Amino acid sequence: MSNLISLPIKTASGVFLAHYSEAGLAALDFPKSHSTRIITPKVTAAIRAWYTTTTRAVKAVVAGKAATELPPLDLSSGTSFQQRVWEELLWIPAGETRSYSEIAKAISKPKAVRAVGGACGTNPVPLLIPCHRVLAANGKIGGFSGGLEWKRRLLTTEGTAVRS
DNA sequence: ATCGTCATATGAA
DNA sequence: TTCATATGACGAT
């Protein structure tokens with residue numbers, strides 16, 4: 001079950017690593033120090049299609065544009081609450097931001113603001129699930145699992161001003 | 001304006 | 001149950 005297939009995604013900002021389960025894209029890693037030597041033995045036709053879509057989407061987001069199409073996401077690793085939050089993040093258009101409390105209201109749990117932050121932190125698919133477009137209520141940047149530098153860069157690229 | 005403190009939901013140990 | 005959070009609101013400085 002936990003046998004994920006990993007494929008490298010080359011972008012102008014580095015090589016991301018996409019992990020696919022049988023249900024879809026299960027995780028996406030930011031470029032690290034890992035070299036691009038990933039062995040990919042048996043890639044099904046479905047995964048090849050997902051990979052194409054994923055690559056296109058990732059490149060779009062890195063370039064500050066909206067992803068036109070997303071691959072199926074395998075969010076089974078998260079709790080139902082987390083999945084609810086992640087799903088909500090999906091609706092945030094490129095170039096716009098929401099606050100943690102806005103997200104909380106959107107899922108009918110206006111007081112679960114901190115929990116929303118926690119869900120963002122465990123988001124397995126950054127960029128495609130735009131957790132970087134979630135700021136604190138006062139416009140502060142908050143935090144980011146993949147590194148604050150990334151969050152800043154992505155927002156700047158999308159034309160969003162962030163307050164220090 | 002900045003800082004400390006508390007409230008409140010959720011998840012992990 | 002206890003602890004930690006990528007928050008938010010409020011009051012004291």
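Note that these values count all heavy atoms, side chains included, but never hydrogens, waters or copies made by symmetry. This one's a predicted model, so the numbers in the text were calculated from it and none came from an experiment. Lettering follows sequence order; numbering is per chain, from 1.
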Spacing between [X] atom [atom1] and [N] atom [atom2], to the nearest angstrom:
{"X": "A/Gln83", "N": "B/dG11", "atom1": "CD", "atom2": "C1'", "answer": "14 Å"}
{"X": "A/Lys140", "N": "C/dA9", "atom1": "NZ", "atom2": "P", "answer": "11 Å"}
{"X": "A/Leu148", "N": "C/dA6", "atom1": "CG", "atom2": "C1'", "answer": "8 Å"}
{"X": "A/Arg84", "N": "B/dA9", "atom1": "CZ", "atom2": "P", "answer": "16 Å"}
{"X": "A/Ile129", "N": "C/dA6", "atom1": "CD1", "atom2": "C1'", "answer": "15 Å"}
{"X": "A/Leu135", "N": "C/dG8", "atom1": "CG", "atom2": "C1'", "answer": "15 Å"}
{"X": "A/Trp86", "N": "B/dG11", "atom1": "CH2", "atom2": "P", "answer": "10 Å"}
{"X": "A/Ile103", "N": "C/dG8", "atom1": "CD1", "atom2": "P", "answer": "11 Å"}

Pick the closest DNA chain B nucleotide for A/Ala112 and for A/Thr122 by heavy atoms, then say which residue is nearer the 5' end.
A/Ala112
Pair assignment for B/dT8, Watson-Crick or G-U wobble, requiring both distances under 3.5 Å
none
For [Y], is there any backbone N or O sitting under 3.5 Å from a side-chain donor or acceptor partner on [X]?
{"X": "A/Glu88", "Y": "A/Ile103", "result": "no"}
{"X": "A/Thr156", "Y": "A/Arg152", "result": "yes"}
{"X": "A/Lys140", "Y": "A/Val162", "result": "no"}

Sugar-phosphate, base or nothing in reach of A/Gly121, heavy atoms under 4.0 Å:
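Base contact.
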Touch class at under 4.0 angstrom, heavy-atom based, for A/Phe81 against every strand present:
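Since only primed, P, OP1 and OP2 atoms lie under 4.0 Å of A/Phe81, the category is sugar-phosphate.
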Establish, with yes or no, whether the OP1 or OP2 oxygen of B/dA7 is under 4.0 angstrom from a side-chain nitrogen or oxygen of A/Lys111.
no
Under 4.0 Å between a side-chain N/O of A/Thr79 and OP1 or OP2 of B/dG11, yes or no?
yes
Side chain of A/Arg114, base of B/dT8: donor and acceptor closer than 3.5 Å?
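Side chain to base: pair present.
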Can you spot which of A/Arg153, A/Arg133, A/Lys65 makes a salt bridge (Lys or Arg N to Asp or Glu O under 4.0 Å) with A/Glu158?
A/Arg133
With a 6.0 Å cut-off on ring centres, are A/Phe144 and A/Trp150 close enough?
no
Considering only B/dG11, B/dA9, C/dG8, which nucleotide approaches the side chain of A/Gln82 most closely?
B/dG11
